[in-house]
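Beneath this line is the structure, given in structure tokens, with notes to follow.
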Amino acid sequence: MTDTADTAKIVETAESGDGRTRVERYDPTAVEPRWQARWAELGLHDTDLADTSRPKYYMLTMYPYPSGDLHIGHWYIVTPSDALARYRRMHGFNVFFPIGFDAFGLPAENAAIREGGHPFTWTMQNMENMRRQFRTMGATFSWKHEVVTADPSYYRWNQWMFLRFLEKGLAYRKKSPVDWCPNDGTLAREQVEGADRHCWRCGAPVEKRDLDQWYLRTTAYADELLDFRGIDWPEPIRIQQTNWIGRSEGAEIDFETARSDGHRGGETLRVFTTRPDTLFGATFMVLAPEHPLVETLTAPEMRAEVEAYVAQAKRRTEIDRLSTDREKTGVAIGASAINPINDEQIPIYIADYVLSGYGTGAIMAVPAHDERDFAFAQQFGLPIRRVVAAPGTAADGPMADAYVAHTEGERLVNSGPFDGMSADDGGKAIVAKLAETGKAEPKVTYRLRDWLISRQRYWGTPIPIIYCETDGIVPVPDADLPVRLPENVDYKGRGDNPLTLDEAFLRVDCPRCGGPARRETDTMDTFVDSSWYWFRYLSPDDDEGPVDRAMADAWTPVDQYTGGAEHAVMHLLYSRFWTKAMRDCGLVGQDEPFLRLFNQGQILGADGERMSKSRGNVQDPDELVARYGADTVRLYLMFMGPWDQGGPWSPTGIGGPHHFLSRVWTLTIDPHGREPGDPDAGNLPAGEDVAAAEARLRSAAHRTLRDVTADYEAYHFNTMVAKLMELSNVLFRYRGTPIAGGAAWDEAIRLLLLMLAPAAPHITEELWSRRAAEAGREWSSIHTESWPEVDVAATAESTREVPVQVNGKLRDKLTVAAAISGPELEAAALASPKVTAFLAGRQPDKIIVAGGGKLINIVVREV
RNA sequence: GCCGAAGUGGCGGAAUGGCAGACGCGACGGUCUCAAACACCGUUGAGGGCAACCUCGUAUGGGUUCGACUCCCAUCUUCGGCACCA
């Protein structure tokens with residue numbers, strides 16, 4: 001890859017009348033498009049996936065939703081990722097850095113309903129605009145591997161894999177409630193507004209409606225998903241996923257309902273508890289309002305009240321129901337249960353703090369040892385009986401709070417034959433006792449629920465299922481895939497799914513009996529698309545299967561995945577699940593999708609809110625690129641702060657990086673220039689001769705290289721840029737002096753450009769080409785260079801500064817030989833006049849030489 | 001509410017047990033200029049002092065340590081997620 005044809009000549013510097021040199025100024029608009037075109041022409045970023053001569057590196061960023069325009073948040077994700085991709089290439093890796101679009105989803109439908117267009121058109125136009133904007137960044141995406149999830153060649157494989165999961169028993173159908181508007185059909189969470197829960201479009205009150213829907217069995221992998229061995233993920237994400245999965249060990253225990261007026265008793269009520277040791281403390285029982293036995297158990301005189309409560313609970317959100325802050329509500333249903341361990345009769349309540357989807361939807365309430373049960377018991381005047389006592393605590397007597405935590409030496413009390421056992425042993429013994437008669441068994445439950453993938457919407461992957469009157473649920477045969485979305489749809493300005501009205505789509509012959517049948521009209525959650533897209537980048541046009549196994553084996557797992565922490569428990573967990581499910585279908589040979597994860601922060605609008613068109617707080621990068629150039633915008637985004645932090649967007653300060661790049665430009669093309677304003681211009685610093693100055697410059701350059709390399713590795717881009725600025729400041733100090741343009745200077749410039757190249761690819765490429773031209777070398781891209789090596793010898797220093805503290809307060813700084821010994825350092829510190837003044841004749845009690853002589857602290861008793 | 005994260009100059013931030021405020025923005029002063037812009041050099045946490053210097057200071061209150069922005073406990077505030085936004 002060599003070429004000299006359009007390499008610019010170094011610009012002549014001319015003396016102007018005022019004695020100042022006039023050099024060509026840094027003009028990114030002239031430089032950037034030229035190099036972008038050149039890189040594209042040379043195919044610099046099109047990864048050859050078949051090349052095995054170099055080690056592979058799969059660099060992935062979360063693909064964008066084509067919302068319309070790229071905003072500065074997209075740049076914030078991509079810019080450092082691109083810098084890393086370039087950095088890894090300089091280390092000899094064959095880097096794959098693909099891009100695509102998460103093209104299905106709600107906003108496209110909203111636009112279609114609002115504007116009367118088609119989600120397809122809206123999405124395609126947005127993608128075209130975003131592709132253009134991505135190109136102005138100079139990102140090294142491998143465009144020829146692009147994936148668009150709304151394309152039948154992609155979603156076909158969602159359908160195909162769904163059918164494999166169905167065969168494996170990983171997909172199933174179940175009734176479950178949705179938020180329903182009579183005019184606009186199923187509503188998403190964000191489409192339900194206000195405390196009274198009304199439809200965002202038409203304002204109608206939102207109802208719950210039970211629909212038959214498709215689930216994926218994520219819970220089958222719950223234990224495996226808790227195992228993070230072999231992947232290097234941030235601890236907060238691992239903790240969040242662990243808590244989300246929420247593994248609880250405990251027991252299921254059967255209570256029988258008691259005979260009473262109008263009720264014969266004898267039904268089994270199974271509860272799940274993590275605290276079987278507290279069974280003697282169960283003073284009432286609580287069912288979820290949705291529990292199937294509520295209907296049969298409710299006493300006639302309670303029926304009206306219970307039904308009203310059930311209706312009210314249905315309208316509450318889960319967050320609201322689980323709030324421990326809210327006053328406890330509930331209703332006694334007029335029935336009792338019998339505690340199997342002591343035959344005690346306890347009343348049955350329904351309350352919305354018990355959820356039907358967790359455990360068995362019923363609990364034994366132990367107010368003495370559970371905070372929510374305690375609050376409920378207080379509210380309803382129910383007995384609170386202590387059954388676990390910490391050492392020194394009386395077995396009886398009033399309790400001000402639930403005793404939940406465990407204490408060393410605690411014992412069961414008020415628990416009949418189990419009194420005196422530890423909570424742990426007692427729980428096991430109680431379960432074992434009941435297990436003899438089949439009334440209890442040890443059980444593990446999870447907070448994690450199976451994944452509901454059915455969506456009552458048009459703009460998604462059709463679920464490939466046919467309903468036949470004789471054959472029931474019939475999968476679409478593989479040969480008939482993809483089930484395509486019909487193109488002509490009419491939303492009629494409403495939110496419900498137009499597929500349900502499309503006769504041509506709906507009517508189909510049953511693949512088994514040939515009789516009349518009906519297609520499933522639900523489509524898949526868009527999280528299905530994003531659960532495996534990185535495999536498809538490797539073989540986007542493959543029509544034999546979803547993944548090319550050989551490619552997947554060679555290139556996955558992904559080495560580095562970058563995206564927002566807001567995806568901690570959904571997308572990132574679904575992707576892990578999907579990979580494991582694919583593995584179990586024999587499609588891939590790995591357990592985990594992403595080896596290393598990094599969560600970059602989120603750029604908010606200037607108002608501190610999430611950027612969105614409706615808020616009008618979106619920062620358009622095009623404007624900034626036109627004004628400062630892509631390199632400045634890239635550098636500013638990296639310099640703003642730590643990458644994992646994000647924060648409100650403010651362009652204040654973008655002048656800093658621009659200024660820095662201008663200085664790099666000036667240093668490279670005009671080393672001998674001088675500016676007025678510096679009284680020392682042209683002179684070496686006092687006390688330095690040429691040799692000392694060159695040694696100092698080399699030392700600065702190689703220290704910078706050492707530190708910048710560490711910062712790239714640790715993704716500390718803000719300090720990386722700061723260190724390059726420091727080096728440029730050092731170089732500016734030597735500009736116009738006798739060492740400017742010499743060997744040490746030239747080496748420092750070379751290192752500076754190489755270190756800056758991944759972050760600011762255009763200006764470095766331009767300056768690199770000019771240096772080549774000046775030296776009469778043939779051009780080759782700076783982006784094909786190797787990362788330079790640190791000269792450790794050059795970084796050594798003969799003296800260093802040691803802070804001296806007295807009682808932890810800084811009192812002096814000593815300049816000492818770098819190789820000074822500990823005792824010598826102590827002696828020097830004690831000899832310091834400032835130190836002796838503070839000691840005022842007192843003998844030091846202790847002298848601490850910290851960090852191998854990095855700091856000295858003299859401790860002396862205060863008088 | 002529950003789970004996770006973050007609070008440091010006028011502003012973005014640096015320092016992850018050892019010199020608080022690197023680097024940059026802004027502001028102020030200067031050089032250059034007829035002038036302005038650009039560029040370049042310098043000053044810039046607060047308070048006190050002529051000065052050398054001193055005191056205070058990392059959301060708040062406590063603790064551990066020779067030494068705490070950093071570790072522990074409690075509190076406050078802000079942000080992300082809570083299963084149909086992506």
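Note on naming: letters A, B, ... go to the chains in the order of the sequence lines (proteins, then strands), and numbering restarts at 1 for each one.
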Inset, instruction - Would you please indicate yes or no on a ring centroid separation below 6.0 angstrom for A:Y636 and A:H658? - result: no
Legend entry - OP1 or OP2 of B:A68 under 4.0 Å from side-chain N/O of A:K809: no
Inset, instruction - Return yes if the base of B:C19 and the side-chain atoms of A:K813 contain a donor-acceptor N/O pair under 3.5 Å, otherwise no. - result: yes
Inset, instruction - Tell me whether the centres of the aromatic rings in A:F639 and A:F717 are closer together than 6.0 Å. - result: no
Inset, instruction - May I ask you to check whether A:W451 and A:Y215 place their ring centres under 6.0 Å from each other? - result: no
Legend entry - Spacing between A:F104 atom CZ and B:C84 atom P, to the nearest angstrom: 18 Å
Legend entry - Residue A:Q805, side-chain atoms from C-beta onward, closest of B:A22, B:G18, B:G24: B:G18
Legend entry - Parallel, tilted or perpendicular: rings of A:W532 and A:Y154 (30°, 60°): parallel
Inset, instruction - Report the relative orientation of the aromatic rings in A:H567 and A:H571; use parallel for angles under 30°, tilted for 30 to 60°, perpendicular for over 60°. - result: perpendicular
Inset, instruction - Measure from NZ or CZ of A:R25 to the centre of the six-membered ring of A:W665 and say whether it is under 6.0 Å with the direction within 45° of the ring axis. - result: no
Legend entry - A:E566 CD to B:A86 P, straight-line distance once rounded to whole Å: 13 Å
Legend entry - A:F838, nearest nucleotide to its side chain (from B:C54, B:G18, B:C41): B:C54
Inset, instruction - In whole angstrom, give me the gap between the P atoms of B:C38 and B:G7. - result: 35 Å
Legend entry - Spacing of the C1' atoms in B:A20 and B:U58 (rounded, Å): 7 Å
Legend entry - Between A:R576 and A:Q241: side-chain donor-acceptor atoms closer than 3.5 Å: yes
Inset, instruction - Rounded off to whole Å, could you give me the CG-to-C1' distance for the A:D644 and B:G4 pair? - result: 13 Å
Legend entry - Atom-pair distance (CD on A:Q213; C1' on B:A83), nearest Å: 13 Å
Legend entry - Inter-nucleotide C1' distance (B:G12, B:A6), Å rounded: 15 Å
Inset, instruction - Please state whether the base of B:G80 and the side chain of A:Q240 form at least one donor-acceptor pair under 3.5 Å? - result: yes
Inset, instruction - Quickly work out the A:N683 CG to B:C41 C1' distance and round it to whole Å. - result: 14 Å
Restricting both atoms to N or O, compile the protein contacts to nucleotides 70-74 of chain B shorter than 3.5 Å, with distance only.
none

Inset, instruction - Assert yes or no for the condition that the ring centre distance of A:Y446 to A:Y358 is strictly below 6.0 Å. - result: no
Legend entry - N/O (side chain, A:H567) to phosphate O (OP1/OP2, B:G81) under 4.0 Å: no
Inset, instruction - Select base, sugar-phosphate, or nothing to describe what A:G653 touches, counting heavy atoms under 4.0 Å on all strands. - result: sugar-phosphate
Restricting to nitrogen or oxygen on both sides, can you table the protein-nucleotides 10-17 of chain B pairs closer than 3.5 Å?
| residue | atom | partner | partner atom | Å |
| --- | --- | --- | --- | --- |
| B:G12 | O2' | A:M640 | O | 2.5 |
| B:G13 | OP1 | A:Q645 | NE2 | 3.1 |
| B:G13 | O3' | A:N718 | ND2 | 3.3 |
| B:A14 | OP1 | A:N718 | ND2 | 2.7 |

Inset, instruction - Using atom CD of A:Q191 as one end and atom P of B:A83 as the other, report the distance to the nearest whole Å. - result: 15 Å
Legend entry - A:W665 CH2 - B:A39 C1' separation (whole Å): 16 Å
Inset, instruction - Record whether the side chain of A:R457 comes under 3.5 Å of the base of B:C84 through a donor-acceptor pair of N or O atoms. - result: yes
Legend entry - Out of B:A86, B:A39, B:A83, whichever nucleotide has its closest atom nearest the side chain of A:F527: B:A86
Inset, instruction - Kindly say if A:N110 contacts the phosphate of B:C85, meaning a side-chain N or O under 4.0 Å from OP1 or OP2. - result: no
Inset, instruction - Please tell me which of the listed nucleotides, B:C23, B:C84, B:C19, lies nearest to the side chain of A:A722? - result: B:C23
Inset, instruction - Tell me the stems RNA chain B sits in, counting at least three consecutive Watson-Crick or G-U wobble pairs, each under 3.5 Å on both distances. - result: B:1-7 with B:76-82, B:10-12 with B:23-25, B:26-31 with B:39-44, B:45-48 with B:53-56, B:59-63 with B:71-75
Inset, instruction - Please state whether the phosphate of B:C40, meaning OP1 or OP2, lies under 4.0 angstrom from any side-chain nitrogen or oxygen of A:R663. - result: yes
Legend entry - Closest listed nucleotide, where the reference is the side chain of A:A850 and the choices are B:C84, B:G18, B:G4: B:G18
Inset, instruction - Dump the intermediate steps for side-chain contact (heavy atoms from CB on, under 4.5 Å) on A:L187 and A:V206, then the final yes or no. - result: CA-CA 8 Å; A:L187 299 182; A:V206 173; 3.7 Å; yes
Inset, instruction - Examine the base of B:C84 for any acceptor or donor lying under 3.5 Å from a partner atom in the side chain of A:Q456, and report the outcome as yes or no. - result: yes
Legend entry - Span that lies between the C1' atom of B:A37 and that of B:C32, in whole angstrom: 12 Å
Inset, instruction - Could you tell me whether a side-chain N or O of A:Y26 sits under 3.5 Å from a main-chain N or O of A:R663, the two making a donor and an acceptor? - result: no
Legend entry - A:R25 side-chain proximity, nearest of B:G4, B:C38, B:C84: B:C38
Inset, instruction - Output yes when at least one side-chain N/O atom of A:R733 is less than 4.0 Å from OP1 or OP2 of B:C41, else no. - result: no
Inset, instruction - Answer yes if the side chains of A:Q456 and A:N497 hold a donor-acceptor pair under 3.5 Å, and no otherwise. - result: no
Inset, instruction - Quick one: do A:V859 and A:I847 satisfy side-chain contact (heavy atoms from CB on, under 4.5 Å)? Show the steps, please. - result: CA-CA 6 Å; A:V859 184; A:I847 298 176; over 6 Å; no
Inset, instruction - Determine: side-chain N/O of A:R189 to OP1/OP2 of B:C85, distance under 4.0 Å, yes or no. - result: no
Inset, instruction - Tell me what A:W244 touches on the nucleic acid: a base, only sugar-phosphate, or nothing, going by heavy atoms under 4.0 Å. - result: base
Inset, instruction - Give the nucleotide from the list B:C40, B:C84, B:C41 with an atom nearest to the side chain of A:R455. - result: B:C84
Legend entry - Whole-Å gap separating P (B:A5) and CG (A:N243): 10 Å
Inset, instruction - Specify whether A:W122 and A:Y65 have parallel, tilted or perpendicular ring planes, treating 30° as the upper limit for parallel and 60° as the lower limit for perpendicular. - result: tilted
Legend entry - A:W649 ring center within less than 6.0 Å of A:Y76 ring center: no
Legend entry - Sub-6.0 Å ring centroid separation between A:Y63 and A:Y533: yes
Inset, instruction - Could you classify B:G9 for me, syn or anti, using a glycosidic angle within 90° of 0 as syn? - result: syn
